[in-house]
Amino acid sequence: MPSPGGVVLVNHRPGEVRLASATPSPGFAMEIDEQGPDEVRVEFENDDDSYEVRVRWQDGALRIEVDD
């Protein structure tokens, strides 16, 4: 899941998602908030911007959100 702040890779199967890796874009710092199995949540920040990537199962489907 790419975002302007970095890339998050997950492994998933129905009902479960786990963080495989996360890499910040140049100039961004990264904080891993959740690694699974219910949800993966990673924040990328620099002096000007902040992005949160969330991946989870909801209503039987994989849901991906990138918030700024």
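Starting from 1, each residue takes its place in the sequence as its number. What's counted below: heavy atoms across the whole structure, side chains too, no hydrogens, waters or symmetry copies.
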Just verifying a value: how many Å separate [X] [atom1] and [Y] [atom2], rounded to the nearest 0.5 Å?
X     : Y     : atom1 : atom2 : answer
Arg18 : Glu39 : CZ    : CD    : 13.5 Å
Asp68 : Phe44 : CG    : CZ    : 13.5 Å
Arg41 : Glu65 : CZ    : CD    : 11.0 Å
Arg56 : His12 : CZ    : NE2   : 15.0 Å
Arg63 : Trp57 : CZ    : CH2   : 13.5 Å

Determine the minimum heavy-atom distance between [X] and [Y], stating which atoms define it.
X     : Y     : answer
Gly6  : Ser25 : N-OG, 3.3 Å
Asn46 : Gly27 : CB-O, 3.1 Å
Val17 : Val55 : CG1-O, 3.6 Å

**Asked** Heavy-atom count around Asp67 CG within 6.0 Å, excluding the residue itself: above 12?
**Response**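 Counting other residues, nucleotides and ligands, CG of Asp67 exceeds 12 neighbours.
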**Message:** Quick check against the 3.5 Å criterion: does Thr23 have a side-chain atom that pairs as donor or acceptor with the backbone of Val7?
**Reply:**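 Between the backbone of Val7 and the side chain of Thr23 there is no qualifying donor-acceptor contact (under 3.5 Å).
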**Item:** Check: Asp49 and Tyr51 side chains under 4.5 Å, non-hydrogen atoms
**Value:** yes
